[in-house]
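Written out below as structure tokens is the structure these notes cover.
In what follows, every chain begins at residue 1, and chains take the letters A, B, ... in the order their sequences are listed.
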Amino acid sequence: MSGEYGIAYFDENGFVRKVCSRCGSRFWTRDPERDTCGDAPCDTYTFIGAPLFREHSAEELREKFLSFFESRNHKRLSRYPVVARWRDDIYLNIASIANFQPLITSGSVPPPANPLVISQPCIRLEDLESIGKSGRHLTMFEMMGHHAFNKRGGDEIYWKNETVQYCDEFLKQLGVPPTSVTYKEAPWVGGGNAGPCLEVIVGGLELATLVFMDLEAVYEKGEISIDGQWYRKMETYIVDTGYGLERFVWASKGTPTVYDAIFPEVIDELLSSIGLEHPMQSYGNELIEIARLCGVMKRKELEKKFQSRLGDFFRRIMAPMETVYAIADHTRCLAFMLADGVVPSNAKEGYLARLVIRRTLRMLNSLQCEMPVEELVALHIKLMHDSFPELEDSVDRINEILALERSRYRDTLSKGERIVKQMLKKEKELSVDTLIDLYDTHGIPPEFVKEVASSAGNIEVDVPEDFYSLVAKLHGAEEQHHAPEPELARLHDRIRAIPKTARLYYEEPFSKDFDATVLDCFDNFIVLDRTLFYPEGGGQPADTGILGNNLKVVAVRDVDGVILHEIEGDTSGISPGMHVRGSIDSRRRIAHMRHHSATHIVIWAARKVLGGHIWQAGAQKGELRSRLDITHFKRITDDERRKIELLANEMVMRNEDIKATFMERNEAERRYGFQIYQGGVPPGKELRIVEIGNCEDVQACAGTHCTKTGEVGPIKLLRTERIQDGIERLWFSAGEAAVRAIQTRDALIKKSASVLRIPEERLPASVERFFDEWKQLRKENERLRAEIAGLRVEQLRMRAMDMRGVKVISEVVADATMKDLMRMASQLSDEGFVTLLISGMTGNVVCSVPASAPAVVNAAEVVTNVTSVLGGRGGGTARSARGGGNRLDKVEAAKEAGLKTIASRLA
RNA sequence: GGGCUCGUAGCUCAGCGGAAGAGUGCCUCCUUCGCGAGGAGGAAGCCACGGGUUCGAAUCCCGUCGAGUCCA
């Protein structure tokens with residue numbers, strides 16, 4: 001790819017291309033003496049303690065960057081959320097370009113502006129273990145980026161030359177000495193795209209990455225291969241730059257770590273709460289020396305190098321300091337995640353939030369820091385007020401969520417403590433497999449197990465260093481890219497030339513019949529020029545109905561805007577050019593329509609009642625009922641459910657307009673924000689926006705809707721269900737279906753009341769009374785049976801026979817249960833009788849042999865012989881055995897068989 | 001989206017095919033000036049729910065509901 005880096009700006013500005021003497025990479029520099037690329041691990045962090053340009057705050061630097069590009073014709077965009085709501089392949093926003101993937105980068109949707117500049121908060125959790133230790137890793141960081149989207153054959157906005165020029169000029173404006181900058185060549189790969197790239201390095205630190213994205217991944221063999229993956233040139237070629245805001249600020253301050261540069265107030269707060277001082281106070285010079293080497297040497301090597309000078313400095317001072325750094329980092333990350341609406345849970349992005357929360361709690365605990373995590377998050381939000389005032393709107397909710405998470409984790413750990421203690425009672429040591437199991441199924445971290453084991457049982461537990469990767473291995477690595485299904489590809493080819501179908505169902509949502517011309521007919525599919533049939537999509541099922549001469553439409557699909565009517569049966573009578581009449585099952589359609597509008601109303605009401613974090617996590621509309629999954633951090637109470645229901649019905653009664661308009665995508669996002677993507681992200685540059693009332697609820701939605709909320713009819717919330725931690729499912733019915741649902745419930749109550757012969761309103765009290773009485777009678781019955789068994793024992797005792805000096809009882813008891821038999825037999829055998837009892841009612845058999853009887857009588861053998869007569873089986877020990885059979889007519893014969901067995905043994 | 005675990009007395013749990021158990025809390029009595037403590041006795045269970053297998057299910061299998069947890 002060496003040809004990719006022939007850039008005029010380098011030639012015209014005295015740059016030379018060199019090869020790094022350490023790593024062999026090629027790089028560009030103005031300094032002819034330089035022979036290393038400048039990047040770690042080839043060079044040290046020279047800027048620490050000696051910054052290369054004037055000190056900047058984050059606000060200052062961000063503003064400089066944005067206005068620099070603004071004055072160079074770039075449009076400034078405000079930040080996107082850190083949760084990637086518009087993508088289904090990633091949960092969190094990992095880069096500024098992620099905002100524009102995949103629809104804009106692929107060229108199918110135009111960019112919101114071109115060129116543009118943005119500073120995007122991003123979250124990456126891959127290097128979780130390095131946070132706090134490396135001095136440079138952050139879970140949450142701002143990627144400042146300027147982007148230009150070019151199309152082959154179109155007018156080029158700009159490409160490599162301008163990109164390098166902008167970068168160089170920006171650095172110059174900041175006051176970075178030109179000779180200290182190197183541009184290192186490095187191919188870039190990510191998110192299904194790739195391209196050549198220049199890493200911009202100053203003072204040993206990579207400050208920015210200039211990516212020239214012009215390749216996309218393909219699944220079959222292609223033109224270019226990188227790391228075993230095939231790529232081809234895209235129709236578009238995109239300038240994707242990433243300037244690390246925090247790194248610039250760090251470089252400008254020259255502090256030992258990036259953390260000290262970005263959130264020193266939080267670090268101070270933490271240090272003072274645990275009574276520690278910052279190592280800069282007493283070990284300033286050493287710390288700077290160490291920090292400079294951080295990119296070059298591994299931790300072990302550093303410790304060895306400073307061992308003689310500093311003793312156990314790393315263990316005593318650096319280790320807690322690193323934890324402080326990590327906590328300060330994690331809490332800043334949480335501020336963004338939670339403010340942007342992530343609900344902690346055990347799945348999807350919610351799990352990532354919980355992961356960060358629990359790590360933070362564990363670390364706070366290890367420092368014995370009493371400070372609640374929510375206070376630290378609130379402090380971050382306060383400190384970032386000037387840059388991100390919107391975070392403050394969520395402070396109350398964040399407090400509630402974090403307090404809840406704290407108590408949940410406390411519960412998990414105290415339960416874990418019990419489990420481990422229980423285990424230690426039985427086992428002397430805990431294997432690695434046990435540790436993995438404890439973590440995997442109960443969430444008990446091995447460090448915690450070790451602690452419990454040594455304090456409670458004085459048992460040492462070895463936690464392997466690669467513990468967490470062992471856990472990861474257990475879950476295996478699946479994740480494969482799915483090539484598009486061949487069936488769909490075939491359909492795409494077939495309909496390529498067909499014009500998009502006119503959608504009559506939007507203009508005439510209540511119509512039933514229509515006329516149309518057949519454009520194509522193949523397999524079982526009919527394509528028309530216009531249709532009333534709604535294709536399946538957005539959780540709304542397709543319409544059914546009739547086409548032409550009684551052809552049954554069983555499914556309807558939308559492929560690239562062409563609507564395919566799937567027919568059950570013979571379509572041979574249909575050919576292109578024919579005129580056909582269609583009619584849909586309008587009763588079904590109207591039911592779907594009501595449920596669809598009701599879905600929007602319910603989520604609006606839920607958001608009003610529960611809070612702004614409510615987000616649709618899935619939905620399915622039906623004729624009789626629909627379901628809506630929403631993100632929420634605790635169970636919805638009955639009271640909340642009633643409030644939501646009432647509010648939704650108030651919206652219906654207000655009879656507000658439901659307006660659907662087509663709108664340019666960027667315009668819609670600008671006007672309404674990302675909340676329009678509740679039901680996922682539809683493709684295309686134009687969106688259909690459905691608005692209820694005056695912006696009460698706005699969603700991008702292709703479904704059919706009522707035109708007034710009043711047409712929806714009554715909305716009945718049937719039940720709530722927790723389908724996952726952090727996701728509640730609401731079941732509801734609308735319109736006619738709601739009335740029917742209410743009637744069904746009514747009938748249930750009526751029927752129950754009539755069975756008990758009481759008025760409906762007495763139902764709860766009476767049911768409770770009946771239940772209590774039933775419990776009492778059950779006990780009474782139990783007591784009486786025991787009494788009867790006692791009386792029977794006396795009778796049985798008198799009927800005992802003597803077999804060679806051994807007292808034997810073998811009797812059929814008419815109406816005894818298994819429990820009765822056991823009760824009697826055990827008492828009799830205690831008194832020295834060899835006892836065999838058979839129930840004439842249930843066919844149960846019990847044999848009990850007293851300890852005093854000769855060992856030759858085997859209860860299990862007796863029972864086996866007896867039950868074989870009864871047509872059943874049984875078993876037990878030589879002293880006591882049970883069994884049974886269902887041939888109740890054979891009980892007398894069975895008794896004789898038992899007696900015979902006993903007699904033969906005593907003979 | 002995938003995996004694992006758990007629902008038994010008010011609470012914490014044992015039992016894992018043959019009469020529902022322990023600890024703790026609760027009630028009564030004894031000991032004590034009283035408290036703590038100790039002793040004796042007692043009450044308290046739809047063994048989550050619904051099916052199936054079995055002579056027999058808290059126990060095994062399937063489903064439902066509820067809870068916990070790990071991974072992508």
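- Taking the C1' atoms as reference points, B/G25 lies 28 Å from B/C33, given to the whole Å.
- Atom CG of A/N781 and atom C1' of B/C46 are 15 Å apart (whole Å).
- Not one N or O on the side chain of A/D466 forms a donor-acceptor pair closer than 3.5 Å with the backbone of A/S469.
- Here the separation of B/A57 from B/A22, taken at their C1' atoms, is 22 Å to the nearest Å.
- The side chain of A/R722 contributes an N or O atom lying less than 4.0 Å from OP1 or OP2 of B/G68.
- Across B/U54, B/A72, B/A19, the shortest atom-to-atom separation from the side chain of A/A347 is found for B/A72.
- For A/D725 and B/G2, the CG to P distance is 17 Å, given to the nearest whole Å.
- At most 12 non-hydrogen atoms from other residues, nucleotides or ligands lie less than 6.0 angstrom from CZ of A/R762.
- Distances shorter than 4.0 Å separate none of the side-chain N or O atoms of A/K348 from OP1 or OP2 on B/A72.
- Taking the C1' atom of each, B/C16 and B/C70 are spaced 26 Å apart, rounded to whole Å.
- Within residues 830-837 of chain A, no residue is approached by RNA chain B to less than 4.0 Å at the level of any non-hydrogen atom.
- Taking atom P on both B/C13 and B/A19, the two are 26 Å apart, rounded to the nearest angstrom.
- Regarding A/N346, its CG atom lies at a distance of 8 Å from the P atom of B/G68, rounded to whole Å.
- For A/R408, the side-chain atoms get nearest to B/G68 when compared with the rest of B/G68, B/A44, B/A72.
- Remark: the separation of the C1' atoms in B/G17 and B/G56 is 8 Å, to the nearest Å.
- Comparing the C1' positions of B/G3 and B/G42 gives an interatomic distance of 47 Å, to the nearest angstrom.
- The existence of a salt bridge linking A/R792 and A/D820 is excluded, since no basic side-chain nitrogen approaches an acidic carboxylate oxygen closer than 4.0 Å.
- For the pair A/L128 CG and B/C70 C1', the interatomic distance rounds to 15 Å; values are reported in whole Å.
- Between the side chains of A/T434 and A/S431, at least one donor-acceptor pair of N or O atoms lies under 3.5 Å.
- With respect to the salt-bridge test (charged N to carboxylate O, under 4.0 angstrom), the residues A/K900 and A/E896 do not qualify.
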Reading nucleotides 4-16 of chain B from the 5' end, what letters show protein touch, with B for base, S for backbone sugar-phosphate only, - for no heavy atom under 4.0 Å? BS------SS---
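- When the side-chain nitrogen and oxygen atoms of A/R358 are compared with OP1 and OP2 of B/U69, one or more of them lie within a distance under 4.0 Å.
- Map A/K819 and A/R354 each onto its nearest nucleotide of RNA chain B; the residue landing nearer the 5' end is A/K819.
- Checking the phosphate oxygens (OP1, OP2) of B/A44, no side-chain nitrogen or oxygen of A/K775 falls inside 4.0 Å.
- A/E773 CD: more than 12 foreign heavy atoms inside a 6.0 Å radius.
- In this structure, CD of A/Q724 is placed 13 Å from P of B/C70, rounded to the nearest angstrom.
- The CZ-C1' distance, from A/R778 to B/C46, rounds to 6 Å in whole Å.
- You'll find that the side chain of A/R823 is closest to B/A19, out of B/A19, B/C70, B/U54.
- For the P atoms, the distance linking B/G15 with B/A9 amounts to 15 Å, nearest Å.
- Each of A/R719 and A/G871 has a nearest nucleotide on RNA chain B; the 5'-most of these lies closest to A/G871.
- Surrounding CZ of A/R124 are more than 12 heavy atoms belonging to other residues, nucleotides or ligands, all under 6.0 Å away.
- In this structure, CD of A/Q776 is placed 14 Å from P of B/C46, rounded to the nearest angstrom.
- Rounded to whole Å, the distance from CD1 on A/I723 to C1' on B/G1 is 11 Å.
- For A/T323 (side chain) and A/M363 (main-chain N/O), no donor-acceptor pair under 3.5 Å exists by modelled atom type.
- Comparing B/A37 with B/U32, their C1' atoms sit 10 Å apart, to the nearest whole Å.
- Side chain to side chain, A/N193 and A/Q101 meet the donor-acceptor criterion of an N or O pair below 3.5 Å.
- The A/T412 side chain lies nearest to B/U69 when the options are B/G45, B/U69, B/A72.
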